[in-house]
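Source: prediction; values computed, not measured.
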Amino acid sequence: MTILKTLSFVFLSFFVFSDFSSGQVKNFKPFNINFTREVIIIGTGSVAAVTAFTFMENIKPFTFEEISLLHPANVNGFDRGAIGPMTEDPVGDVLLYTAYLLPVSFLAYGETKNDFLDLSLMYGEVLLIQASITGIVKGTVQRTRPFAYDDETPLSDKTSTDARISFFSGHASMTAAISFFTAKVFTEYIEDNTAKILIWTGAVLLPAATALSRVNTHWHFPTDVIVGYAVGALVGYLVPELHRTKVNENISIYPMINFNKPTLSVQIKF
């Protein structure tokens, strides 16, 4: 399951990267890894991941009687237009899988390449947090997908547990989280304003296109993708923000990562 795979990736990354960076002094960089903070983030995320997994596993499929009671009139007017027969969504899937590879682009730029291990750990935290939040909300709300209201959708699809996890969109939220994370990281390294505008434009459009595809193929209602987009964007932005090295005009802070005792080297300019 995605949540468990993400959890395994984050734990492996944390211990491998922490050991690799042990005792090494780094030059100034926009983001820093702090052992205590990472333990809190990964620990909390892990608990949330287990909770999400439990919630998702306990979802029961619709009975035939429950399906017979589904009617488009019960859906609010704003979302009702998304109802239709279930259709495969290769576009949405491709966009999501493409998003997963976006952080690999850090290897193409010198400064982000040098910090790739730290950035990879942060990326793992984004995946862990976003997957956990999505799983908890889906397992709690259990909103019916649009295709379940349509008469043309096969009964086998309506009676699957997947028909009950419409809110909020996992595709839109995860794509937004990864896109905003990648954009936030790059714009902390790059000074060119034109490049920043282009990066953020791509970060906004990729999850928007994913969200549109999910609605057009009747997998989600508009409110599913709107909320998913917002939650994902927030996670993708806040994780690197929490790791950002704070400086002012006269003080420079240089992280020095030590597995047993994280420290900071401070240089004060007079």
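You'll find the side chain of Asp224 stays beyond 4.5 Å of the side chain of Arg145, heavy atoms only. Taking the side chain as every heavy atom from C-beta outward, Arg143 and Ile165 never approach each other to under 4.5 Å. Looking at Ser179 and Leu102, their side chains come closer than 4.5 Å, going by heavy atoms from C-beta outward. Put simply, the side chain of Phe167 does not reach to within 4.5 Å of the side chain of Lys138, judged on heavy atoms. Within the 4.5 Å cutoff, the side chain of Arg164 has no heavy atoms near those of the Thr161 side chain. Between Met174 and Leu127 the shortest side-chain heavy-atom distance falls below 4.5 Å.
Under a 3.5 Å cut-off, the side chain of Ser68 and the backbone N or O of Glu65 do form a donor-acceptor pair. Of the possible donor and acceptor atoms, none in the side chain of Thr140 sits under 3.5 Å from a partner among the backbone N and O of Val137. Side-chain N or O atoms of Tyr100 include none that pairs as donor or acceptor with a backbone N or O of Leu95 at under 3.5 Å. In terms of modelled atom types and a separation under 3.5 Å, the side chain of Lys246 and the main chain of Arg244 share a donor-acceptor contact. Within the 3.5 Å criterion, the main-chain N or O of Met86 finds a donor-acceptor partner in the side chain of Thr153. Remark: the backbone N or O of Ser156 is paired with a side-chain donor or acceptor of Thr159 at under 3.5 angstrom. Remark: side-chain polar atoms of Thr112 are paired, donor with acceptor, to backbone N or O of Phe106 under 3.5 angstrom. A donor-acceptor pair under 3.5 Å links the side-chain atoms of Glu38 to the main chain of Asn34, judged by distance alone.
Using modelled atom types, one finds a donor on one side chain and an acceptor on the other under 3.5 Å when comparing Asp89 with Ser213. For Asp93 and His171, the side-chain atoms include at least one donor-acceptor pair closer than 3.5 Å.
In this pair, Tyr109 and Tyr189 present their aromatic rings perpendicular. The plane angle is above 60°, beyond the 30 to 60° band.
With sequence neighbours excluded, the residues satisfying side-chain contact (heavy atoms from CB on, under 4.5 Å) with Val215 are Ala82, Pro222, Val225.
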* Asked: Do Thr245 and Asn32 pass the side-chain hydrogen bond (donor to acceptor under 3.5 Å, both in side chains) test, and can you show the C-alpha distance, the side-chain angles, and the key distance before you say yes or no?
  -> CA-CA 6 Å; Thr245 304; Asn32 66 85; 3.1 Å; yes

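In this structure, Lys158 does not pair ionically with Asp150, as no charged nitrogen and carboxylate oxygen lie closer than 4.0 Å.
Screening residues 201-223 for ring pair (Phe, Tyr, Trp, His ring centres under 6.0 Å), with sequence neighbours left out, gives Phe147-Trp219.
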